[in-house]
Amino acid sequence: MQNSVAPGTASSNAAPRPATKKRKRRAKAITWTVVGAFVFCLAVMGVSAFVAKSAVDTLVAEAKALVTDIDDSAKTNQHVDELVAAASRAHWATAHPIWRATEVLPMVGDDLRAVRLLARTADSLMSDVAAPLLEFDLSSIGPVDGALNVDAVAELGKKIEAVAPAAQEAQIRLLADGIETEHLLEPLRGPVTQVEDILNTASDVLRRVAVLSPRLPAMLGADTPQNYLVLVQNTAEMRTLGGNPGSMMMLTIDKGRMDITQTASQADVNSARAEPIVPLNPWTEALYTDRVGRYLQDTTMTPDFAQTAYLARAFWSETLGDPGNSVISIDPVLLSYIMKATGPVELPDGTTLSSDNVVDQLLSKVYERFPLNYGPDPKMQDAFFAAASGSIFGKLMSAQTDLFGLIRQLSKGYAEGRILYAPTDAVEAKAISNTLFNGPLHDTSNRENTTLGVFVNDNTEGKLDYYTDMSVAASSNVCTVGDDDDKTYTVEATYSYNLMPEQVATLPIYVSTGRYFERGLKSTNLVFYGPIGSTFVSATLDGTDFVPQAGTNDLGRQAVLINFESEPSSTHTVEVIFSSPPGIYGPIDVRTTPMITSVPVSVDSPSCG
């Protein structure tokens with residue numbers, strides 16, 4: 001009998017219905033589509049990442065090569081072409097929709113976004129800023145036959161005027177996008193911060209030079225000679241801004257040619273006067289006494305270089321005539337930097353100065369050659385100082401000077417506070433406002449940086465700071481207290497006097513006069529400045545509570561002066577604490593007197609990331 005199947009009941013080996021097959025095929029197709037799309041996206045991202053990484057490697061390599069070959073116009077053009085192309089590739093590789101879509105992913109999204117934004121910024125900077133600037137032949141500036149090409153400088157200024165807005169636009173755009181570095185992977189934080197810092201610096205420098213551009217030919221004496229009063233600070237006798245500015249020169253620039261047309265010292269002006277040559281700021285006098293205005297040698301005690309320049313011009317004009325258009329300050333350490341680019345010089349007396357020996361010659365050996373504090377010897381010391389400075393300035397305009405090396409060395413000196421500039425022209429003043437040209441405490445708020453100051457002023461009468469050094473440590477609780485709480489800033493200076501006791505008897509009288517303190521004993525004033533708006537809390541000297549000899553509010557900051565005496569081969573540690581009200585405080589930045597040897601600074605900001 002034949003088997004039968006009940007209606008509505010499917011046999012176990014019956015073929016699947018068409019609808020079921022269709023659903024399975026659709027599911028499989030969707031699965032493979034998703035897998036395919038995922039694989040495609042992975043492939044695109046892999047290729048993009050490879051292209052971006054390769055482009056970045058090229059950017060780094062070409063940038064380094066450009067620095068080396070920048071004085072060769074043909075090689076410079078090749079490097080620029082490669083830089084522009086590499087930046088474009090990096091931008092192209094990271095600007096497509098797939099890359100942007102992956103920025104929503106957890107863990108890596110912020111990093112991918114940062115890479116894209118930096119690539120876009122690099123492309124803009126290379127195409128719109130660097131390439132147009134580097135088309136200019138920098139070697140055309142000279143010097144040729146002892147003079148700079150004023151027309152070439154003017155042309156460069158116009159190019160900078162043209163590209164400065166593009167750099168500023170790139171900076172503003174990146175700032176508006178807001179890369180939060182604390183959310184990035186550790187290997188990416190450093191490069192991102194570095195790029196942001198470079199962009200901020202480049203934009204600021206280009207903007208300032210663009211402002212200055214119309215003045216550049218006049219500053220180089222294109223139409224009429226320009227006179228600049230130069231103070232050469234003697235860092236063997238420390239002052240806040242560097243040292244005793246007892247040596248002065250008038251630098252004249254005429255059609256790009258630079259000459260020292262007059263030299264003078266404190267002996268040539270009415271120094272050691274009974275009253276300040278001009279009225280002083282009350283806070284300056286309260287902190288440093290009226291010596292700042294009575295002695296030319298003490299005009300650099302204030303950290304406000306505009307005030308120093310005003311005083312120096314007054315001293316010069318009273319007895320020597322026209323004080324020039326602007327005041328420049330330099331020191332022997334800067335001269336040593338300059339000589340790395342100019343090479344050695346020979347003085348009229350046969351002395352050869354080089355970058356290796358100029359500091360020692362000017363700050364120590366000169367007092368052995370002309371040892372007395374009486375008779376003609378101080379004038380001979382001043383003459384030697386002036387001859388050295390004048391010869392080095394003269395070498396600046398020689399064909400042997402490495403112009404790009406000189407720029408690097410001057411930049412180093414500027415960063416260390418060894419070049420200061422105070423113009424009388426309003427355009428120049430605007431171009432350098434709130435920079436280190438104005439002095440170490442030029443900041444007008446605590447937002448970008450919370451600046452602290454530790455400055456050295458010799459109180460001995462002599463040249464004993466040749467034997468000193470200092471280190472500074474700063475810390476704050478700004479990141480560990482609430483927004484509405486006061487902030488505490490602690491600054492600790494370790495000051496060492498390295499003269500050996502057995503050396504005292506051999507010191508020239510001019511180095512240790514013994515007039516106010518016994519020979520070899522050193523008296524020092526350390527002046528500490530807190531953040532803008534701060535108040536003084538406490539101080540210790542070598543671990544013992546100490547009451548400052550003077551204190552006031554200077555440049556919007558609480559400042560205190562602490563005096564101590566040092567025996568040969570001794571070290572003192574001074575700690576000062578300041579309190580600041582609630583507000584926005586940027587990273588700690590410690591500014592110090594530019595001493596003969598660099599001042600190591602360490603900053604500890606607990607829990608600030």
Side-chain angles (χ1 to χ4, degrees), residues 231-239 242-249 263-269 271-272 291 295-298 300 330-333 335-336 347-354 356-392 456-470 495-525 565-570 593-597:
L231 309 180
V232 185
Q233 297 198 54
N234 187 330
T235 39
E237 186 177 356
M238 300 302 305
R239 300 288 187 268
N244 169 351
S247 179
M248 300 184 290
M249 305 180 294
T263 62
S265 71
Q266 67 264 27
D268 299 304
V269 299
S271 188
R291 294 181 60 88
Y295 292 84
L296 174 68
Q297 306 94 300
D298 293 330
T300 47
I330 60 175
D331 71 5
V333 177
L335 294 178
S336 75
L347 304 187
D349 68 356
T351 303
T352 298
L353 298 180
S354 69
D356 294 327
N357 73 2
V358 64
V359 172
D360 187 51
Q361 286 286 336
L362 293 180
L363 300 184
S364 178
K365 298 299 185 210
V366 65
Y367 304 117
E368 297 175 8
R369 295 177 63 177
F370 311 110
L372 299 179
N373 196 25
Y374 308 99
D377 297 277
K379 287 185 177 294
M380 295 174 72
Q381 295 167 4
D382 293 335
F384 183 81
F385 220 86
S389 302
S391 297
I392 296 168
V456 185
N457 286 274
D458 178 68
N459 190 50
T460 315
E461 186 195 48
K463 301 295 183 287
L464 291 171
D465 277 306
Y466 181 79
Y467 303 96
T468 65
D469 62 60
M470 183 174 70
Y495 180 88
S496 296
Y497 179 36
N498 304 311
L499 181 75
M500 294 293 104
E502 60 271 20
Q503 292 178 279
V504 173
T506 65
L507 292 175
I509 293 297
Y510 208 72
V511 174
S512 182
T513 65
R515 184 154 61 159
Y516 300 108
F517 299 89
E518 65 180 73
R519 281 174 52 77
L521 184 67
K522 189 176 189 314
S523 176
T524 302
N525 292 332
E565 295 178 3
S566 300
E567 297 283 352
S569 190
S570 65
T593 295
M595 300 178 73
I596 297 174
T597 58

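Any value given below was found using the heavy atoms of this structure, including those in side chains, with hydrogens, waters and symmetry copies removed. Numbering starts at 1 and runs along the sequence shown.
For the side-chain contact (heavy atoms from CB on, under 4.5 Å) test, residues two or more places apart in sequence or in another chain that qualify with A272 are Y295. By the side-chain contact (heavy atoms from CB on, under 4.5 Å) test, V504 pairs with L499, R519, P568, sequence neighbours left out. Remark: D465 engages K522 in a salt bridge (charged side-chain N to carboxylate O under 4.0 Å, His left out) (not counting sequence neighbours). Every residue two or more places apart in sequence or in another chain was checked for a side chain to side chain donor-acceptor pair (under 3.5 Å) with Q266, and none qualifies. Every residue meeting the side-chain contact (heavy atoms from CB on, under 4.5 Å) condition with T597, not counting sequence neighbours, appears here in chain and number order: D469. A search for side chain to side chain donor-acceptor pair (under 3.5 Å) contacts involving S570 returns nothing, not counting sequence neighbours. Residues passing the side chain to side chain donor-acceptor pair (under 3.5 Å) test with D298, sequence neighbours excluded: R239, R291. Residues meeting the ring-ring contact (aromatic ring centres under 6.0 Å, His included) test with Y495, sequence neighbours left out: F564. By the side chain to side chain donor-acceptor pair (under 3.5 Å) test, D356 is found to be paired with no residue, residues two or more places apart in sequence or in another chain being considered. Legend: residues meeting side-chain contact (heavy atoms from CB on, under 4.5 Å) with T351, ordered by chain and number and at least two apart, are L347, D349, L353, Q361, R369, F384.
Within the model, atoms OH of Y466 and CG of N498 stand 11.5 Å from one another, a figure rounded to the nearest 0.5 Å. Between S354 atom OG and D360 atom CG the span is 10.0 Å, to the nearest 0.5 Å. To the nearest 0.5 Å, the span separating OG on S496 from CE on M470 amounts to 10.5 Å. Rounded to the nearest 0.5 angstrom, K463 NZ and I509 CD1 are separated by 13.0 Å. Within the model, atoms CD of Q297 and CG of N234 stand 10.5 Å from one another, a figure rounded to the nearest 0.5 Å. Remark: F385 CZ to L363 CG distance equals 5.5 Å, nearest 0.5 Å.
For the residue pair T460/D458, the side-chain donor-acceptor check at 3.5 Å is satisfied.
Between the side chain of S389 and the backbone N or O of A386 there is no donor-acceptor pair closer than 3.5 Å. Distance alone, capped at 3.5 Å, places no donor-acceptor pair between the T235 side chain and the I596 backbone. Side chain of T513 to backbone of G462: no donor-acceptor contact under 3.5 angstrom is found. S247 places no side-chain N or O within 3.5 Å of a backbone atom of V232 that could act as its donor or acceptor partner. Listed for the Q233 side chain is a donor-acceptor partner under 3.5 Å among the backbone atoms of G242.
Closest heavy-atom contact between P332 and V359: O-CG2, 3.7 Å.
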